[in-house]
Amino acid sequence: MAPANFLRAIVAEDLKSGKHKTIVTRFPPEPNGYLHIGHAKSICLNFGLARDFGGRCHLRFDDTNPVKEEVEYIESIKESVHWLGFGWGEHLYYASDYFDQLYEWAEYLIRAGKAYVDDLTAADIRDYRGTLTEPGKESPYRDRSIEENLELFRRMRDGEFPDGAKVLRAKIDMASPNMNLRDPVMYRIIHAPHPHAGDKWRIYPMYDYAHGQSDAIEGITHSICTLEFEDHRPLYEWFLDNLPVPNRPRQYEFARLNLTYTVMSKRKLLQLVQDGDVAGWDDPRMPTLMGLRRRGYTPESIRGFCERIGVGRSDSWIEMGLLEECVREDLNERAPRAMAVLRPLKLVIENYPTDKVEEFDAANHPQKPEMGSRKIPFCRELFIERDDFMEEPVKGFKRLAPGGEVRLRNAYIVKCTGIEKDSTGRVTEVRCTYDHDSHTGGAAAGRKVKGVIHWVSARHGVGAEVRLYDRLCVVPNPSGDDWKSCLNPASAEVLKECMVEPSLATASAEERFQFERQGYFCVDLADSRPGVPVFNRTVTLRDSWGGGQETQRS
RNA sequence: UGGGGUGUCGCCAAGCGGUAAGGCAACGGACUCUGACUCCGUCAUUCCGAGGUUCGAAUCCUCGCACCCCAGCCA
């Protein structure tokens, strides 16, 4: 059960006092983009509340603006919510399914003298609205007769006017200090088909008019949204007060999630997709749920993250490092270990028989014997990580260097006896001798050497592509018009010459592994093929050794 | 300058008049055939500031200050 927060307290109290016998929440995305980690916070909150308090949570598409919404988004949203681990059962709804009722209620308000058709242009409406410090002016069309309003509104509905020609407005108070109450627009004319409602409508309701009434229709008890809608609450309540709605939902607001080193607004994410800065909404660098999934994040780790960050009302920025820590924590428990060499450097064991091949057992998890083990072939020629060898080792380097010894993980201790270089001075091969009795379980197995490195048999290894992903942005809080200049040019590095242990050849899509000493990797959902696997780096392992050049992160 | 909010450790976050939880980060140390994991220890005499009430205040009152949101026919 999630930790306590003010919303859980409110729900608990409402149940205890008998205000509600059961609670109903809802997750109301607009299908104008893919869901991101910020939505996960809302999903976990709304579905979590329903689950923990024996209520239910609806999935409702807030589809009131057909020019921005698409069927593709509707489908991706459903998939993302399911993937995250939540279900809505029979409770899948669309605000557009309430358009008839909403229309009837609009006429109801007109008849009550509380709504009118306005002919002012968008620009005029803006001018008449006044400013933050000055009251607005009433529209010259504000006092049309009920009959005229009714007729005009029906003609709007029937498509007799072009886009923008007229709007239906609630008649509230043009002098209200709350801008939302200065005769808000309820309906606008849009001659466009709707992804769910089809071509039935020429007029579409605004969010403020549709949302609360949809909540009321569905019997929502706690309508939870983000802080920027706080000013809308008086309007939300005005509609409920003035319409014959069947239920009285209550709106509560919480602080939206902000994450460092990425961008979160749908507008920016859409721009990244459209401008080709990323490969799509599910690019592993995107903070979208589909992106995180492809990156290798587990639903469990994201849920855990949402529990850890809590729910409050103060603006906050969560460190990306916390999200990363959450996947590590989950994957450390469940990801089998494997050896993979990302930047191969050949290593030849001079005193090892040329044709000999041995197989060593390697535990799939050092702390979990129940996860079993696998055989790893070993021979005279291996590949080791280029970074694990230094001709002139820096202070503190525990890996291989001329004359030094190192343990080959799950195998022998080797001693470097020499190197070979090409004409440019680049090391092309490392020569070693091995200690025959030092293999795991051998007579000298207990001998201590300061370093342990991973390796893959040159004869048995399998070629693989590995994509190293890093943070999307290079600054914690990218903002302003030049936010794109904060994009990390090294957020994706593709390595095509990697060598992985044979057992990885047939790994299936979305299988996750820890490549020992490197990080957690996930078989790419779209591009991996049997025999030619493609791995995405989810997150690196923690590295308490700076290696000389420490990257500052938070 | 109108209205609505928020201010507790680097980042989150408990606390609701009885004398500052927890997580992440950081820093020491132990362990280690992953420089991983795990483990042990350190980490707010102080709660945006200043007054006041009280035996006692992060919690109540007053006055300030800072930051966020609102002038879409977006949500």
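Keep in mind that this is a model prediction, so the values were computed, not measured. In what follows, every chain begins at residue 1, and chains take the letters A, B, ... in the order their sequences are listed.
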Quiz item: Would you say the side chains of R471(A) and T262(A) form a donor-acceptor pair under 3.5 Å?
Solution: no
Quiz item: Taking atom C1' of G4(B) as reference, at what distance in whole Å does atom CD of E230(A) sit?
Solution: 6 Å
Self-check item: Sequence-aligned protein contact record of nucleotides 37-42 of chain B, with B where the base is within under 4.0 Å of a protein heavy atom and S where only the sugar-phosphate is
Solution: B-----
Practice problem: Have a look at R182(A) and say if it touches a base, only the backbone sugar-phosphate, or nothing, with a 4.0 Å heavy-atom cut-off. | Solution: nothing
Practice problem: Calculate the interatomic distance between R409(A) atom CZ and U34(B) atom P; express it in whole Å. | Solution: 5 Å
Exercise. Figure out the CZ/C1' separation between R399(A) and U34(B), and round it to whole Å.
Key: 11 Å
Using a cutoff of under 3.5 Å, can you pull out all pairs of nitrogen or oxygen atoms linking the protein to nucleotides 7-10 of chain B, with atom names and distances?
residue : atom : partner : partner atom : Å
G10(B)  : N2   : E319(A) : OE1          : 3.2

Quiz item: To the nearest Å, how far apart are H454(A) NE2 and C33(B) P?
Solution: 18 Å
Practice problem: Identify whether any heavy atom of P366(A) sits under 4.0 Å from a base atom; if not, whether one sits that close to sugar-phosphate; answer base, sugar-phosphate or nothing. | Solution: base
Quiz item: Donor-acceptor pair, Y204(A) side chain versus A192(A) backbone, under 3.5 Å?
Solution: yes
Quiz item: Is it the case that more than 12 heavy atoms not belonging to H436(A) sit under 6.0 Å from its NE2 atom?
Solution: no
Quiz item: With a 4.0 Å cut-off on heavy atoms, is H439(A) in touch with a base, just the backbone sugar-phosphate, or nothing at all?
Solution: base
Quiz prompt | Contacts of type salt bridge (charged side-chain N to carboxylate O under 4.0 Å, His left out), residue D330(A), not counting sequence neighbours | solution = R334(A)
Quiz item: Partners of R399(A) by salt bridge (charged side-chain N to carboxylate O under 4.0 Å, His left out), sequence neighbours excluded?
Solution: D388(A)
Quiz item: Considering residues at least two apart in sequence or located in another chain, which fulfil the salt bridge (charged side-chain N to carboxylate O under 4.0 Å, His left out) criterion with R303(A)?
Solution: none
Self-check item: Pairwise P distance for A21(B) and U45(B), with rounding to whole Å
Solution: 12 Å
Practice problem: With RNA chain B as reference, determine whether R313(A) or Q518(A) sits nearer its 5' end, using the nearest nucleotide of each. | Solution: R313(A)
Quiz prompt | Atom P, compared across C68(B) and G35(B): separation rounded to whole Å | solution = 45 Å
Practice problem: Please measure how far the C1' atom in C48(B) lies from the corresponding atom in C43(B), and state the result in whole Å. | Solution: 22 Å
Quiz item: So R202(A) and D163(A), salt bridge (Lys or Arg N to Asp or Glu O under 4.0 Å) or not? Walk me through it.
Solution: CA-CA 9 Å; R202(A) 311 282 99 83; D163(A) 286 9; over 6 Å; no
Exercise. Kindly write out the residues that satisfy salt bridge (charged side-chain N to carboxylate O under 4.0 Å, His left out) with R154(A), not counting sequence neighbours, or none if the list is empty.
Key: E107(A)
Exercise. Could you note down all residue pairs passing ring pair (Phe, Tyr, Trp, His ring centres under 6.0 Å) where residues 159-188 of chain A supplies at least one of them, sequence neighbours left out?
Key: F153(A)-Y187(A), Y187(A)-Y209(A)
Quiz prompt | Interatomic distance where OH belongs to Y261(A) and P belongs to C24(B) [whole Å] | solution = 20 Å
Quiz item: Within 45° of the axis and under 6.0 Å from the centre of the six-membered ring of W545(A), does NZ or CZ of K398(A) qualify?
Solution: no
Quiz item: Taking atom P in both A26(B) and G18(B), what distance in whole Å separates the two?
Solution: 36 Å
Quiz item: Within the structure shown, what part of the strands sits under 4.0 Å from E134(A) by heavy-atom distance: base, sugar-phosphate, or nothing?
Solution: nothing
Self-check item: Qualifying residues under side chain to side chain contact (heavy atoms under 4.5 Å, CB included), relative to S80(A), sequence neighbours excluded
Solution: L35(A), L289(A), M290(A)
Exercise. Between A411(A) and T133(A), name the one whose nearest nucleotide on RNA chain B is closer to the 5' end.
Key: T133(A)
Quiz item: With a 4.5 Å heavy-atom cut-off, do L240(A) and Q213(A) have their side chains touching?
Solution: yes
Exercise. Describe the nucleic acid contact of G136(A) in one word from base, sugar-phosphate, nothing, applying a heavy-atom distance below 4.0 Å.
Key: nothing
Exercise. Can you sort out the partners of D97(A) under side chain to side chain contact (heavy atoms under 4.5 Å, CB included), two or more places apart, ordered by chain and number?
Key: Y94(A), H196(A)
Quiz item: Are a donor atom and an acceptor atom from the side chains of H58(A) and E218(A) found within less than 3.5 Å of each other?
Solution: yes
Self-check item: Spacing between E501(A) atom CD and U34(B) atom P, to the nearest angstrom
Solution: 16 Å
What pairs of nitrogen or oxygen atoms, one from the protein and one from nucleotides 30-32 of chain B, lie under 3.5 Å apart?
none

Quiz item: Which nucleotide in the list C12(B), C33(B), G2(B) gets nearest to the side chain of S316(A)?
Solution: C12(B)
Quiz prompt | Contact pattern, 5' to 3', of nucleotides 68-75 of chain B - B, S or - by protein heavy atom under 4.0 Å | solution = SBBBSBSB
Practice problem: For G23(B), measure the glycosidic angle (O4'-C1'-N9-C4 for a purine, O4'-C1'-N1-C2 for a pyrimidine) and name it syn if it falls within 90° of 0, otherwise anti. | Solution: anti
Exercise. Quick one: list whatever passes side chain to side chain contact (heavy atoms under 4.5 Å, CB included) with P140(A), sequence neighbours left out.
Key: L120(A), Y128(A)
Quiz item: Between atom CE in M174(A) and atom C1' in G3(B), what is the gap in whole Å?
Solution: 15 Å
Self-check item: Gap between atoms CG and C1', on L323(A) and C11(B) respectively (whole Å)
Solution: 13 Å
